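One structure is given here, and the rest of the page talks about it.
Atom set for the values below is all heavy atoms of this structure, side chains included, hydrogens, waters and symmetry mates excluded. Reminder, nothing fancy here: chain letters follow the sequence lines and each chain counts from 1. The shown structure was predicted, so the numbers you read here are calculated from the model rather than taken from an experiment.
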Amino acid sequence: MAQIPNLDNSPINLSSIREQSQKELLNILKNVRGKKCLVIDPKLGGSLSLLIQTSLLKENGAELRHLSAEPIQTECSKVMYLIRSQLNLMKFISSHIQNDLSKGLQKEYFVYFVPRRTVVCEKVFEEEKVHHLITFGEYPLYIMPLDEDVLSCELDHTFRECLIDGDTSSLWHVGKAIHKLEFSFGVIPNVRAKGKGSAKIVDILNSLQAEEPVNSSDMGTPEINTLILIDREVDMVTPMCFQLTYEGLLDEIVQVNNGAVEVDASVIGTQQDGKKIKIPLNSSDKLYKEIRDLHFEEVVQVLRERATSMQKDYADVKSTSQSVSELKDFVKKLNSLPEIARHVSLAQHLQTFTCKPSFHSRLDIEQTILELQNYDLCFEYIEEMIHKQEPIIHVFRLLVLLSVSNSGLPKKSFDYLRREILHSYGFEHMPTLYNLEKAGLVKRQESKSNWLMISKALQLIPSESEAANPNDISYIFSGYAPLSIRLVQHAIRSGWRSIEEILKLLPGPHLDLKRGGSTSGSAIDRVPSFQSNLDRVTDGHRALVLVVFVGGVTFAEIAALRFLSSQDGMGYDFIIGTTKIINGNTVLESIISTN
Amino acid sequence: LLLKESWELEMNLLANKGSPLQGPRIRLIEQAQKLFSETKEQNFESKAAEEHAKLLRLQHELEVSTKQAIFVGSSISDTIRTCIVLGNHRAATRVRAEFKVSDKRWYWLKAFALATVRDWDSLEKF
């Protein structure tokens with residue numbers, strides 16, 4: 001099973017995007033003649049594994065290394081670095097070069113920045129007096145497909161950078177990425193954005209279009225009909241809730257990285273102690289495609305059915321003499337056996353977590369917080385977690401949920417809980433508390449909460465939900481419809497106008513605009529009163545909507561969108577764009593880690 | 001501006017974490033505390049910095065008296081736990097009093113700590 005996802009079933013030609021990126025990378029390699037040592041930023045290495053086979057790099061005469069502080073041991077006289085523009089990485093490189101110099105080795109150095117070079121980084125080399133030894137270049141990888149309907153910019157810290165550090169360069173990156181997509185698929189005519197970051201991206205997109213217009217006249221009708229931009233800041237509730245889809249649960253418990261999970265070999269059942277096994281997870285695995293977005297309880301059922309039917313077939317084969325063609329069918333089915341076995345083992349591993357009583361009490365408390373029913377109960381639950389010194393990330397997740405849904409915490413409990421956290425986990429968490437406050441995630445209550453109003457107007461918590469027979473996206477969280485996805489639902493159904501009052505209660509501005517197909521780029525009209533029903537194309541063609549989550553998206557939200565487009569009467573397919581796939585823990589971790 | 005300055009100090013503090021030089025670290029915290037106390041809104045932070053300095057002093061004392069360098073850098077709760085695990089109940093009670101630890105937290109800590117050293121008798125008693 002390859003880790004590189006198969007993109008053949010994609011609603012638009014994403015393979016072409018990947019092929020373009022592959023070609024660009026290979027061209028860079030070919031530009032440097034002969035054998036060379038390619039040193040890759042470890043973070044990029046993960047992304048590249050979804051883009052290109054390592055063998056292909058080796059065929060082009062590259063010897064592969066990961067970048068670290070350690071000096072590079074190589075025979076090659078040409079060293080190529082492929083790195084993100086991060087200052088600490090520049091330090092590594094210049095120390096490598098200085099190490100070579102001190103040994104009297106003469107080499108050629110090439111530094112390729114992904115996706116573009118920055119002045120600051122080159123300054124580092126100037127200061128270290130190695131600038132003149134290096135040839136610089138760029139590898140413009142802005143966005144890459146993670147699966148047949150998911151694109152990611154692989155930016156880890158967008159959320160933190162925008163809300164805490166005040167660094168909005170990642171917004172430019174996203175704008176550029178969308179602009180690049182428009183070169184392949186045409187200018188997207190309808191744009192709806194919600195949130196500060198999203199609005200900024202729309203501006204950037206417009207100015208990029210003005211500078212470097214996509215010539216839409218020779219492209220025909222744009223393939224993507226609508227772009228919806230949702231800022232993560234708008235909905236911080238959803239990522240804090242524990243995900244219950246198969247894929248979401250895998251991410252929460254064992255962490256999905258670059259479309260694969262790594263688990264102990266013992267989980268899969270092979271007896272190799274202590275060894276880790278990497279299992280690729282993408283839509284190329286047919287069984288996985290079927291079950292990834294289902295509620296975990298259903299997944300267990302599906303797997304059980306598969307296993308039983310397999311057993312029955314096996315019994316049939318043994319008992320009766322069958323024709324060759326029947327046997328052939330059976331053998332064909334046997335081919336899917338490894339897939340079933342793999343997912344049964346994974347599901348079993350997850351079940352060791354989901355059957356714990358603490359897991360259920362956590363889900364219960366999440367629901368109680370969302371319903372805004374019993375503040376004291378929630379408060380005491382979190383207090384007890386702190387007193388028991390449970391992992392601080394769990395504490396923060398619930399605390400953020402409580403604070404966001406209540407528009408902050410009353411001063412008394414805000415100060416009390418902060419004090420208890422410092423006492424239990426140490427004073428070094430002061431900056432974390434400060435960051436959380438700055439990002440508006442845990443703060444003092446200043447106004448009355450409007451969560452109930454939002455939740456009622458958008459029907460986030462349906463009165464009766466059937467997890468087994470889902471008609472609504474709320475089944476994904478067993479009775480909570482993700483706010484972000486509800487917004488998307490409204491945006492495609494009737495535009496922002498119908499929910500304008502609710503949008504005003506959520507952070508950040510909202511925009512609804514139509515972009516002209518003309519090349520001038522300035523022909524962008526705001527259409528305030530235009531009740532823009534997405535023109536449902538009558539010839540049975542499905543409209544394509546690109547939903548971009550600025551600051552990250554969770555697997556559960558992706559599942560909800562896939563679920564929406566599979567519903568009867570929905571004439572839309574979704575492509576999901578994101579800065580990164582996240583979950584509650586990874587978002588908070590980026591805020592907690594300080595350096 | 002003042003605010004920024006004091007937070008910078010606080011961040012500095014983190015950078016200096018793990019430095020064996022106790023003196024400068026406490027001084028730095030006290031400096032931060034002073035800055036925090038100059039604005040009204042930073043009441044909470046100022047108090048926290050004060051407590052932090054106090055904790056470091058106390059932990060230093062404990063390290064001297066027990067001759068074990070295991071206290072500095074841990075939280076108040078951890079300090080209490082360590083004291084109980086070492087059987088030094090008097091010190092534990094003192095830390096509790098110094099930082100006005102609530103009954104609720106105290107009971108959790110004591111129960112956990114006694115359970116770790118399998119001191120079932122004391123656990124029974126309390």
Side-chain angles (χ1 to χ4, degrees), chain A residues 88 160 164-166 358 376-377 379-396 399 403 408-439 442-446 591-595, chain B residues 3-4 6-18 25-26 28-29 32-33 36 41-56 59 71-81 95-96 98-113 115-116:
Chain A
N88 58 330
R160 181 200 160 96
I164 296 167
D165 306 336
S358 62
D376 291 334
L377 184 79
F379 170 81
E380 277 163 29
Y381 187 91
I382 295 175
E383 183 193 16
E384 194 179 310
M385 279 175 84
I386 298 170
H387 288 167
K388 289 191 199 160
Q389 294 180 308
E390 287 186 21
I392 196 163
I393 199 104
H394 297 171
V395 174
F396 280 140
L399 202 58
S403 172
L409 304 171
K411 184 174 185 316
K412 211 176 133 203
S413 49
F414 179 56
D415 282 349
Y416 173 75
L417 286 177
R418 284 198 297 171
R419 179 172 176 265
E420 295 296 300
I421 286 172
L422 292 180
H423 278 198
S424 290
Y425 300 98
F427 289 97
E428 62 268 25
H429 289 285
M430 276 268 269
T432 306
L433 290 173
Y434 170 73
N435 284 346
L436 287 171
E437 199 180 342
K438 195 170 171 194
V442 180
K443 56 173 189 179
R444 197 174 301 159
Q445 200 171 42
E446 274 152 2
I591 292 175
I592 289 172
S593 68
T594 44
N595 60 54
Chain B
L3 209 81
K4 213 172 158 194
S6 46
W7 277 112
E8 258 161 31
L9 263 177
E10 191 68 28
M11 301 291 174
N12 242 335
L13 201 80
L14 272 158
N16 281 3
K17 213 184 130 203
R25 192 164 158 202
I26 293 178
L28 214 63
I29 297 169
Q33 190 251 321
F36 279 135
E41 294 89 66
Q42 304 298 311
N43 205 337
F44 175 82
E45 284 78 4
S46 150
K47 255 203 206 105
E50 193 185 323
E51 283 190 317
H52 193 182
K54 200 157 92 181
L55 176 68
L56 282 173
Q59 286 174 334
F71 288 100
V72 170
S74 65
S75 70
I76 294 178
S77 292
D78 292 336
T79 309
I80 294 177
R81 272 200 208 205
V95 179
R96 179 194 176 189
E98 284 272 349
F99 295 99
K100 300 196 186 67
V101 172
S102 66
D103 287 347
K104 268 193 227 168
R105 179 141 56 96
W106 171 251
Y107 291 138
W108 278 117
L109 288 174
K110 196 158 169 185
F112 276 131
T116 16

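- Heavy atoms closer than 4.5 Å to chain A are found in the side chain of Ser102(B), but not in its backbone.
- Taking NE2 of His52(B) as the start and CE of Met430(A) as the end, the distance is 8.5 Å to the nearest 0.5 Å.
- If you take CG on Leu109(B) and CD on Gln389(A), they are separated by 6.0 Å, rounding to the nearest 0.5 Å.
- Residues passing the salt bridge (charged side-chain N to carboxylate O under 4.0 Å, His left out) test with Glu98(B) are Lys54(B), sequence neighbours excluded.
- With contacts defined as side-chain heavy-atom distances shorter than 4.5 Å, the pair Ser424(A)/Trp108(B) does not qualify.
- Atom CG in Leu422(A) sits 13.0 Å away from atom NZ in Lys47(B) (nearest 0.5 Å).
- Minimum interatomic distance between Phe427(A) and Ala48(B) (heavy atoms only, all atoms of both residues): CE2-O, 3.4 Å.
- Partners of Lys388(A) under the salt bridge (charged side-chain N to carboxylate O under 4.0 Å, His left out) rule, at least two apart in sequence or in another chain, are Glu384(A).
- Residue contact with chain B, scored on non-hydrogen atoms closer than 4.5 Å, involves the side chain of Tyr416(A) exclusively.
- When each of His387(A), Glu383(A), Arg419(A) is scored by its heavy-atom pairs under 4.5 Å with chain B, the top score falls to His387(A).
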